[in-house]
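Scope of the values below: all heavy atoms of this structure, side chains included, with no hydrogens, waters or symmetry mates. Note that the coordinates shown come from a computational prediction; the quantities given were computed from them, not determined experimentally.
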There are 2 protein chains.
Amino acid sequence: MAIRDERKQQTRQALMEAALAMVATGRSFPSLSLREVTRDAGVVPASFYRHFRDMDQLGLALVDETCQRLRKLIRAARTTQAPGDNMLAASVSTFLLYVNANRPAFHFLTRERYGGTKDVREAIAREIRGFTLDLAADFARFPHFNQLPRHDVEMMSTLLVNTVVSALGEMLELPADHPDAQGAIAKSLSDQLRVIVLGGLAWRPGAKVPTSV
Amino acid sequence: MAIRDERKQQTRQALMEAALAMVATGRSFPSLSLREVTRDAGVVPASFYRHFRDMDQLGLALVDETCQRLRKLIRAARTTQAPGDNMLAASVSTFLLYVNANRPAFHFLTRERYGGTKDVREAIAREIRGFTLDLAADFARFPHFNQLPRHDVEMMSTLLVNTVVSALGEMLELPADHPDAQGAIAKSLSDQLRVIVLGGLAWRPGAKVPTSV
DNA sequence: GCATCGTGTGAACACTTGTTCACTCAATGG
DNA sequence: CCATTGAGTGAACAAGTGTTCACACGATGC
């Protein structure tokens, strides 16, 4: 019962990787055709239906699997992370290593975050939110922040994550091997994160922000 | 020489609005077909070529025109903006009004920022950068910030703009008339902007941020 | 008033698309 | 060992695609 399933997963993987590779070269996922994907995967179009009902399902599977893989990696990295003064810069640099090691996956997520179908966008938003909450939990253990309302800490986590995601988008526009420009982005990103942390330290809950909306 | 050009601009506009409307309903621009657009615009496919060489050119024109329009609006709003303590919240609320009044345009820009072709992405990035520099110029006139290096002020402007853009993306996922959720986003956004400003006030240039990348 | 210009037309083209179907034939399990 | 299962095949389909062409016919400029 092994060989059969194994081969099936193999072509399933081929389909997903073909789609991922095409997105990584600049195509947008919704513009990929089923036939293109099967062609690149070295399989006849009809075989596609043995694995996915349609392209939308492929997209969802792609989100799930790439997110699952990234979550594992990030979780592993976070536990081996020694807290300290230059924690930010260190986190940034390991994050950039991830990105370069998983460019196609990040490319796909970045493009489909707003570009994909409703289901895909929601799946990605859910993943980002989950990651934000994890970060908030970590963050809420630090001196000043453990006295802030949970809501405020989440607000700042969201801000941090958004900032990282923006830098990610900027990085993916660069060619893969451009260390100078990547270094500039890294510097800018860790400066920005530092501004946010400084702001968080100066933050007092519920202070003079008129909610005039 | 008036009537002819006028009618031409009219169908050109129809083509652009048709594309914009389709993107606003959730389609991604690269997946639109030339024939679909002409059909929605009430024109035969061959007429398309009287206005654009191909769909890519339509996309670029769409970026240019929507950005131009938005820039005018924003510039007008900025000059009528009285600086003051709740400037942030006021800016946020007028910004949200813009977004709701120009949903299709913002939808298009948000989706194509990472989802479009290289040319389109670069055009949008250029626009955002231009806007960031404008904001930095404004910002550099305030007490504390006029003593920071230009580079740092731009870094913070970028951070502010990225934060607004993230909130924008979140807003566009909501249905158009959902004042409660929009209010929540507005509150969160102005809190986040406040964190950044607080961080900027606490920022000292070149202070203990190790560039270990 | 008349020749010219140019937007929009409708038909035609060669292709690609998603989906279906009956089929092969190796792995599976009793 | 032999019947069954199911991943992959290749052909066929109706429908949609981008692009081209000669043509119509009203506005334009002399």
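Between Pro45(A) and Pro45(B), it is Pro45(B) whose nearest contact on DNA chain C lies nearer the 5' terminus.
With rounding to whole Å, Lys8(A) atom NZ is found 14 Å from dT28(C) atom P. Counting to the nearest Å, the P atom of dA22(D) and the OH atom of Tyr49(B) are 17 Å from each other. Summarising the geometry, the separation between CZ on Phe48(A) and P on dT19(C) is reported as 9 Å, rounded to the nearest angstrom. Atom CD of Gln10(A) and atom P of dG8(D) are 9 Å apart (whole Å). Spacing between atom CG of Asp56(B) and atom P of dG18(D) amounts to 12 Å, rounded to whole angstrom units. What separates CZ of Arg7(A) from C1' of dT9(D) is a distance of 16 Å, to the nearest Å. Atom CZ in Arg50(A) sits about 12 Å away from atom C1' in dT24(C), given to the nearest Å. If you measure from atom NE2 of His51(B) to atom P of dT19(D), you get 16 Å, rounded to the nearest angstrom.
Residues Thr66(A) and Leu62(A) come closest through the heavy atom pair OG1-O, 2.8 Å.
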Contacts table for residues 9-24 of chain B: side-chain donor-acceptor under 3.5 angstrom, sequence neighbours left out:
from: Thr11(B); atom 1: OG1; to: Lys8(B); atom 2: O; distance (Å): 3.3
from: Thr11(B); atom 1: OG1; to: His51(B); atom 2: NE2; distance (Å): 3.0
from: Arg12(B); atom 1: NH2; to: Glu65(B); atom 2: OE2; distance (Å): 3.4

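For residues 111-122 of chain B, the side chain to side chain donor-acceptor pair (under 3.5 Å) pairs, not counting sequence neighbours, are Glu173(A)-Arg121(B), Lys118(B)-Glu122(B).
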Inset, instruction - Go through the steps to decide whether Phe139(A) and Leu148(A) satisfy the test side-chain contact (heavy atoms from CB on, under 4.5 Å), and finish with yes or no. - result: CA-CA 11 Å; Phe139(A) 223 67; Leu148(A) 294 180; over 6 Å; no

Legend entry - Check against side-chain contact (heavy atoms from CB on, under 4.5 Å), Met156(A) and Trp203(A): CA-CA 10 Å; Met156(A) 294 175 199; Trp203(A) 178 268; 3.5 Å; yes

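For Ile3(A), the listed nucleotide lying nearest its side chain is dA27(C); candidates were dG10(C), dA27(C), dG8(D).
Contacts between residues 30-41 of chain B and DNA chain D, defined by a heavy-atom separation below 4.0 Å, involve Ser33(B), Leu34(B), Arg35(B), Glu36(B), Arg39(B), listed by number.
Scanning atom types as modelled, one donor and one acceptor separated by under 3.5 angstrom connect the side chain of Arg4(A) and the base of dG6(D).
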